[in-house]
Amino acid sequence: MEGCPGSRMMDLRKEQGAAAPVATGSLESQLAQWPIQLHLINPQAPYYQNADVLLAADCVAFALGNFHSAHLKGKSIAIACPKLDEGQEIYVDKIKAWIDDAKINTLTVMIMQVPCCGGLLALAQEAAQKATRKVPIKCVVVGLRGDILEESWV
Amino acid sequence: MRPYSPFAVFLTQVKSNGGWCSDSERVSNQTHKADLTGLLNRNIKEVMAAHPAVGEVLQAAQIGCATCAAGNCLFKDIVEIHALSPEQETTLLRRVAETVYPGQPVDLPGLQRKTLTRTGAHKFAPPLQELVDEHKVIKRVLALIPQFTCALGSPLNTQEQQMLYAIVDFVRNFADRFHHAKEEDLLFKYFDPGAAILVAMHEEHELGRAHIRSALDGIERGDTTCVRKHLTAYRELLTEHIRKEDDILYPWMERQLTDAQIGRLFAQFREVDAKFGDRPAGYRTWVGTLETKYNNTARKET
C-alpha cells in the first residue's frame, strides 16, 4: 500500500458486520459545553477553569464507539485537526492559556493512529513548554477500528 | 478506569463450584474438598506459616512475600495487586493448590483478561514518576553504604562522625521529610488507610526510621558496630521496600487513580516542592559529591 496513511481509502464494512451487536436506544450525551472547535472556544471559559481537559482530533469521536461514556464524561473538550486546520499558532496560544490562565488540572490529547495526528500532541507539548505552570499530559492513540492502541503520560 | 480483573470472577466461580474440584471429583473427595477460597482470604504470613512451600511458589512468581517485614496482606489481594497475566495467575494458583492440597485434582476455571497489565518498562503518571525518580536518588546513597561502613574505624573518629551525620541528615530530610511528605502525606491519602499493602508500607517506613534512630545513637557514642549494624539493616530494608513500591505498589495505585486525581496530586506535589525550596536540589548535588569521593577512594584502593 502506498500514499498517505491519513487519507488512504479503507473499507471496514465487512469487519463491522462481524462485530458485536450495536447498542440501541438513546444514550445520554456527556458534552457539557459549546462551542468545541479549538478556534471557536474561549480558553478562559468557566468550564475550563481547573478542569480536566480533553483535546481530541476531529476523527476520534467517530472512531470510538464509547467516546462519550468512556472519554468525554467529566471532562471539558476542544477538537481540532492538525492536518487540515489553519492558524495552528493560535492553537498553541489557547492551549498555553488553558494551562496558565484557566489553570487546568490535566490535559488529555486523543489522536488517531495516523501519523499526521501526532501533530496535535506536538502542539500540546509546544504549548506546555511555553507555559509557566506544568500539568500532567496524557496521550491516547485510537485505532481506525475504534480500539485504544496506546495510553501514556508524556 | 480500573482494568478488568478475572480474580473476582474466579473467586465467584470457585464459590459457586463449591471449591476447586470438578463435579465428579467433588463427589469422590467429599471429605477432602480443597477450600482455596478460605486460604485466599487469609493473610499471607499465616498461609506461609501453615504451608512454608507457598513462599517458594510466590518467590518463583517474583512475588517477594517471603521477605516482607509485615506479611499482613490477604492472599487474594496479593494476587490482584501484582496484576499477573492470566497465564501467570493460573500457574500460580495451580501451584498453590498443588502445594496446599497435594494429590487432589484441580479444575481451574478458564480465565479471560482483556489486557496484560504487567508490561516491562513503564512510564508512570507524572506524580508517581517523581516518586520513582526520588527513589533513584535514595538508592544511590544506599549503594554507597557497604563501602563506607566497611571503611569505618573503631571507635569512630570526628571526620567519620561528621560524614555519618550528613548521611542521617539526608535520610531524614530528603528520604523522609521531603519524599514521604509526598508519598505518605499525600499519595497514600487517596487510598483506604486500612488496606493491608499500605499498612505494610507504613510499618516498613517506621522500621526504617527506627534503624536510623539507632544508627544516630551509635554515632553519638562512637559505636562503629552499632552504626554498621543499623545502616546495613536500613539499606537492606529500604532497597527491598523501594523495589516493592516501584514494581508493585505504584503500578497498582496508578491503575486506581482517575485522571482528575492524578492532576490534583501533581498540583499538591508542586506545593511540597515550593515549601522545600532548593533544599532537595542541594541534597542531589551532595549525593553526586559523595559518589565522587567514594568512587575515587575505591579506585585508589584497587
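Values below: every heavy atom of this structure, side chains too, minus hydrogens, waters and symmetry copies. We name chains A, B, ... by the order of the sequence lines, and we start the count at 1 in each one.
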- Message: Using heavy-atom distances under 4.5 Å, tell me whether Ala260(B) contacts chain A through its side chain, its backbone, both, or neither.
- Response: both

- Between Ile104(A), Val154(A), Asp52(A), the one whose heavy-atom pairs under 4.5 Å with chain B are most numerous: Asp52(A)

- Task: Show your working on side-chain contact (heavy atoms from CB on, under 4.5 Å) between Ile262(B) and Trp153(A) and close with a plain yes or no.
- Result: CA-CA 11 Å; Ile262(B) 292 283; Trp153(A) 296 93; 3.6 Å; yes

- Query: Non-hydrogen atoms of chain B under 4.5 Å away: do they reach the side chain of Lys75(A), the backbone, both or neither?
  - Reply: side chain

- Heavy-atom pair with the smallest gap, counting every atom of Gly263(B) and Pro136(A): CA-CG, 4.1 Å

- Query: Distance from Asp259(B) atom CG to Thr108(A) atom OG1, nearest 0.5 Å?
  - Reply: 4.5 Å

- Distance in Å, Asn105(A) CG paired with Phe266(B) CZ, rounded so as to fall on 0.5 Å steps: 10.0 Å

- Query: Is it true that atom CZ of Phe62(A) has more than 12 heavy atoms of other residues, nucleotides or ligands lying nearer than 6.0 Å?
  - Reply: no

